[in-house]
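Single-structure report; data block below.
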Amino acid sequence: MKFIKLAKKNKELRPKAFNAFYGREIEKKIRERYSVSDELAILRQRDSKPEEFEAYNAYAEACKEAVKAEIEAEGI
């Protein structure tokens, strides 16, 4: 994670770039399982296929937690 190395060196970088970095890392993890097209279809059909949406949503939340844990482990 290039951002982590930069943030350790430059504390002013943290607030400016953290949200963008965090979002990109979450998106990378989500893309490991779901394409953009898949994600849009699931979101569009969330009322007609609630089980599929719940599985997607649980995975997305797990991705967020995993990225947070990686960042915290690096001491950022």
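Positions are given from 1, in the same order as the sequence printed here.
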Donor-acceptor pairs are to be reported for all side-chain atoms of residues 46-54 against protein atoms at under 3.5 Å, with residues two or more places apart or in another chain.
unit_1, atom_1, unit_2, atom_2, d
S48, OG, Q45, O, 3.2
K49, NZ, Q45, OE1, 3.0

Counting only pairs under 3.5 Å, give me each side-chain donor-acceptor contact of residues 29-40, with atom names and distances, residues two or more places apart or in other chains.
unit_1, atom_1, unit_2, atom_2, d
K29, NZ, E70, OE2, 3.1
R31, NH1, Y34, O, 3.1
R31, NH1, E39, OE1, 2.7
R31, NH2, E39, OE1, 2.7
S35, OG, S37, N, 3.4
S35, OG, D38, N, 3.0
S35, OG, D38, OD2, 3.2
D38, OD2, S35, N, 3.4
E39, OE2, Y56, OH, 2.4

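Judged as a side-chain contact (heavy atoms from CB on, under 4.5 Å), and not counting sequence neighbours, the contacts of K28 are E25. K64 pairs by the salt bridge (Lys or Arg N to Asp or Glu O under 4.0 Å) definition with E61, not counting sequence neighbours.
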